[in-house]
Amino acid sequence: MSAAERGLAVIPLSRTKLPALRSPHHEDPQPSACRGECGRTGHGVYDASTDPLRIRELFAAAPWASGYGIACGLAPYHLIGVDLDTKSGADAPAALRELALRHLFTIPETVVVMTPSGGRHIWLSGPPDTVVPNSAGRLAPGIDIRGAGGYLVGPGSRTEHGIYSTVPGTAHLPPAACPPALLRLLAPSPRRRPSPPATDAPPSAQQGHGLVQFVLAAHEGQRNTRLFWAACRAYENGLGEALVGPLTDAALRVGLTLREARSTIASAARLTGHD
């Protein structure tokens with residue numbers, strides 16, 4: 001009820017973290033595409049509601065429920081869940097930090113939920129006109145995304161492995177807006193725009209020189225960030241291919257390895273649609 005009062009639609013969950021109510025169509029000879037149009041309960045995240053009467057009805061129908069799920073992608077927050085998993089053996093927090101460095105974003109102060117296995121669920125708010133799909137490991141190993149049609153286990157829920165709880169100091173926060181650079185990574189890629197027609201005009205030598213000097217001025221802790229920014233600007237202005245060599249040389253001169261430089265420039269190419 002507290003979650004619903006904050007505008008978060010909920011469903012009852014069992015101790016396995018699955019929806020507690022069985023589908024009313026489980027005995028149908030063919031798989032059903034019903035998402036609740038039949039008027040019965042048991043449609044998973046499509047049952048989610050913020051209406052107290054509806055919530056009582058759902059939990060009365062599942063008295064064995066030991067937790068609740070929070071539907072993602074719904075108004076008013078259009079919730080996006082970033083699940084940093086610890087069970088896969090990957091260092092998900094480090095992977096997220098690397099993504100943030102490469103793509104120039106920071107995770108704002110927001111609700112963070114601790115899982116019984118030691119993982120973290122980061123709650124972010126998305127724009128109403130962008131549909132973020134669910135994914136597992138697509139962003140980086142160990143990072144799963146809960147978007148439209150998915151749900152997050154609510155804090156206070158009891159599962160077979162323990163209790164979910166909020167990180168101290170975050171329970172009162174609203175879900176913070178997803179950084180635009182991260183949102184671009186999460187949302188489906190738009191169709192690649194056709195390349196502009198080739199011309200005989202040479203790339204701007206002055207602009208290219210400025211981008212290379214920007215990288216050469218990097219101090220330790222800035223090198224990847226500056227290289228990525230410069231490479232993005234180069235690709236956006238039609239200088240990408242011409243500056244791959246000079247930017248790589250500049251990165252080596254400020255202390256990056258050849259592998260790091262190539263990887264960062266390749267990330268810039270992907271982000272700007274030139275991979």
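Quick caveat, the model's predicted, so the values are computed rather than measured.
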Nearest non-hydrogen partners of [X] and [Y], listed with the distance:
| X | Y | value |
| --- | --- | --- |
| C38 | P24 | SG-CG, 4.4 Å |
| L247 | A231 | CD1-CA, 3.9 Å |
| L216 | V254 | O-CG1, 3.6 Å |
| P19 | I11 | CG-CD1, 4.3 Å |
| G150 | V45 | O-CG2, 3.5 Å |
| A95 | P141 | CB-O, 4.3 Å |

Note to self: Less than 6.0 angstrom from the centroid, inside 45 degrees of the normal: does R226 satisfy that with respect to the ring of F214?
What the structure shows: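 So R226 does make the cation-pi contact.
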Check: Can you tell me if CZ on R40 sees more than 12 non-hydrogen neighbours from other groups inside 6.0 Å?
Finding: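 Above 12, so yes.
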Notebook entry, point to check: Is atom CZ of R253 surrounded by more than 12 heavy atoms (other residues, nucleotides or ligands) closer than 6.0 Å?
Noted result: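 No, the 6.0 Å shell around CZ holds no more than 12 heavy atoms from other groups.
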Same apolar cluster (I L V M F W Y, side chains within < 4.5 Å links), [X]/[Y]:
| X | Y | result |
| --- | --- | --- |
| L74 | I80 | no |
| L79 | I145 | no |
| V215 | L252 | no |
| L185 | V131 | no |
| L99 | V82 | yes |

Could you give the distance from [atom1] ([X]) to [atom2] ([Y]), rounded to the nearest 0.5 Å?
| X | Y | atom1 | atom2 | result |
| --- | --- | --- | --- | --- |
| N237 | C232 | CG | SG | 11.0 Å |
| L101 | N224 | CG | CG | 5.0 Å |
| L58 | L53 | CG | CG | 11.0 Å |
| L21 | W64 | CG | CH2 | 6.0 Å |
| H26 | D28 | NE2 | CG | 9.0 Å |
| S135 | R146 | OG | CZ | 8.0 Å |

Does some side-chain heavy atom of [Y] sit less than 4.5 Å from a side-chain heavy atom of [X]?
| X | Y | answer |
| --- | --- | --- |
| T41 | R54 | yes |
| I265 | Y235 | yes |
| L124 | Y77 | no |
| C178 | V132 | no |
| M1 | P52 | yes |

Under 3.5 Å, which donor-acceptor pairs do the side chains of residues 105-118 form with other protein atoms, sequence neighbours left out?
| from | atom 1 | to | atom 2 | distance (Å) |
| --- | --- | --- | --- | --- |
| T110 | OG1 | W123 | O | 2.5 |
| T110 | OG1 | A176 | N | 2.9 |
| T115 | OG1 | S117 | OG | 3.2 |
| T115 | OG1 | G119 | N | 2.8 |

Any donor-acceptor pair under 3.5 Å from [X] side chain to [Y] backbone:
| X | Y | result |
| --- | --- | --- |
| E37 | C34 | no |
| T170 | V167 | yes |
| D83 | I143 | no |
| D144 | L84 | no |

Check: Given R223 and T264, is the side-chain hydrogen bond (donor to acceptor under 3.5 Å, both in side chains) satisfied, shown in steps?
Finding: CA-CA 10 Å; R223 297 172 298 191; T264 299; over 6 Å; no
Check: Is the F228 ring parallel, tilted or perpendicular to the H103 ring (thresholds 30°, 60°)?
Finding: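 Judged by the thresholds at 30° and 60°, the geometry between F228 and H103 is perpendicular.
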Can you give each donor-acceptor pair under 3.5 Å made by side-chain atoms of residues 152-161, sequence neighbours left out, with the distance rounded to 0.1 Å?
| from | atom 1 | to | atom 2 | distance (Å) |
| --- | --- | --- | --- | --- |
| S157 | OG | Y68 | N | 3.0 |
| S157 | OG | Y68 | O | 3.4 |
| S157 | OG | G154 | O | 2.8 |
| T159 | OG1 | H161 | N | 3.2 |
| T159 | OG1 | G162 | N | 3.4 |
| T159 | OG1 | G162 | O | 3.0 |

